[in-house]
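We count residues from 1, following the sequence as given.
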Amino acid sequence: GVVKNILGISKIEGRELEFESVPTWVFSVLAQIESVVSKRARDKGLAFHLEYDFPLPAQINSDPTRLKQILFNLTNNALKFTEQGYIGLSVSLLDKQLQIKVKDSGEGISEQQQALLFQPFAQADSSINRRFGGTGLGLSISQKLAQGLGGNISVQSTPRKGATFTLVFDLSVVKDTAWINNVNEIWQTTPSHSATPTALPNFAEHKVLLADDHPTNRELLAILLKRMSITVTEVENGKQVLETIFYQKFDLILMDIHMPQMDGSEAIKQLRAAGNTTPVIALTANSMKHEIEHYMRLGFSDHLAKPL
């Protein structure tokens with residue numbers, strides 16, 4: 001978590017973070033936040049509520065990934081610093097902006113401490129790190145992300161009386177989108193996942209070599225592949241990959257990067273040097289752009305990010 005936050009702030013300050021503007025179902029994003037946060041609040045003995053000040057647009061042009069990242073950061077903070085009472089979200093329009101408030105009944109923050117909140121690596125006081133941990137990067141990252149969406153985050157708080165963090169950002173309503181006037185209309189306009197499952201393709205007679213040193217990973221992948229009638233051969237490292245392909249032919253190889261004895265990077269080098277052209281997909285949690293480009297240069301055909 002610490003490393004992820006530091007990489008995040010480095011990307012932001014290096015202007016490497018990309019923002020997109022795509023049609024975003026507002027209520028779907030909020031439902032995802034609610035499903036996670038409400039359970040965590042209940043587990044902690046806290047009430048959770050989500051309020052809408054209608055009318056609200058069903059779809060806006062925004063970056064749903066960044067929006068969720070901001071809201072998860074703000075709600076996680078609220079959960080961290082609230083021992084009793086409630087966590088709440090409220091959504092409304094403010095002039096030509098969308099306003100989302102994250103409220104809590106927690107410890108609150110003094111005016112002096114509020115001045116430090118959005119600075120990287122800053123926490124309200126030294127006792128915060130001792131009691132709760134963290135890097136002091138979450139709010140700084142959230143503020144930068146909010147600015148990337150054309151908005152900002154502000155805070156209102158009084159010690160021992162909770163805090164309210166308010167995210168506002170420029171509202172760009174998708175053309176011809178519906179406007180929601182009450183709760184009953186939300187799910188009439190928000191797309192739901194198809195109730196009928198998509199038929200899986202049948203790859204009978206096809207063979208996949210699966211290389212991963214973790215037995216649970218292999219088991220999960222084998223289950224997914226066998227549902228499509230694929231014959232799966234499992235190995236634990238790159239050395240076994242090279243040994244196995246000498247006496248068997250495969251239609252596809254799925255290969256983990258980090259494995260003992262011989263890792264995936266060395267195995268793909270030797271595989272391609274020997275003239276083997278079987279498609280090989282890299283399986284790894286290393287999914288930054290430059291890492292994927294590196295794997296492609298080594299000879300991998302494609303990349304799948306863990307967790308699958």
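Rounding to the nearest 0.5 angstrom, the gap separating the CD atom in E293 from the NE2 atom in H290 is 9.0 Å. Rounding to the nearest 0.5 angstrom, the gap separating the CD atom in E291 from the NE2 atom in H303 is 8.0 Å. The structure places CG of L209 at 11.0 Å from CG of D251, a figure rounded to the nearest 0.5 Å. The CG atom of D256 sits 12.0 Å away from atom CD of E236, with the distance rounded to the nearest 0.5 Å.
V173 and I186 end up in the same hydrophobic cluster when Ile, Leu, Val, Met, Phe, Trp and Tyr side chains are linked at under 4.5 Å. In the hydrophobic clustering of ILVMFWY residues, with side-chain heavy atoms under 4.5 Å counting as a link, M259 and L210 come out apart. Cluster membership for M296 and L254, using ILVMFWY side-chain heavy atoms within less than 4.5 angstrom, is not shared. Both Y295 and M262 belong to a common hydrophobic cluster when Ile, Leu, Val, Met, Phe, Trp and Tyr are linked at side-chain heavy-atom distances under 4.5 angstrom. In the hydrophobic clustering of this structure, L167 groups with V36; members are Ile, Leu, Val, Met, Phe, Trp, Tyr whose side-chain heavy atoms approach within less than 4.5 Å, directly or through other members.
Within the 4.5 Å cutoff, the side chain of D213 has no heavy atoms near those of the N237 side chain. Looking only at side-chain heavy atoms (C-beta outward), F48 and L89 come within less than 4.5 Å of each other. Contact annotation: the side chain of F203 never approaches that of L252 to less than 4.5 Å [non-hydrogen atoms, C-beta and beyond]. I70 has its side chain within reach of L149: a pair of non-hydrogen atoms, C-beta onward, lies under 4.5 Å apart. L139 places a side-chain heavy atom less than 4.5 Å from the side chain of L74. With contacts defined as side-chain heavy-atom distances shorter than 4.5 Å, the pair Y86/K103 qualifies.
Ring geometry, F54 versus Y52: the interplanar angle falls from 30° to 60°, so the pair is classed tilted.
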Can you check side-chain hydrogen bond (donor to acceptor under 3.5 Å, both in side chains) on N276 and T278, steps first, answer last?
-> CA-CA 6 Å; N276 189 296; T278 304; 2.8 Å; yes
In sequence, state the C-alpha distance, the side-chain angles, and the governing distance for I87 and R40, and then conclude on side chain to side chain contact (heavy atoms under 4.5 Å, CB included).
-> CA-CA 10 Å; I87 307 292; R40 292 187 60 202; over 6 Å; no
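For E205, the CD atom counts as loosely surrounded, since its 6.0 Å shell holds 12 or fewer non-hydrogen atoms of other residues, nucleotides or ligands.
Side chain to side chain, Q99 and S92 meet the donor-acceptor criterion of an N or O pair below 3.5 Å.
Among residues two or more places apart in sequence or in another chain, the side chain to side chain contact (heavy atoms under 4.5 Å, CB included) test is passed with N61 by S21, P23, S172, V174.
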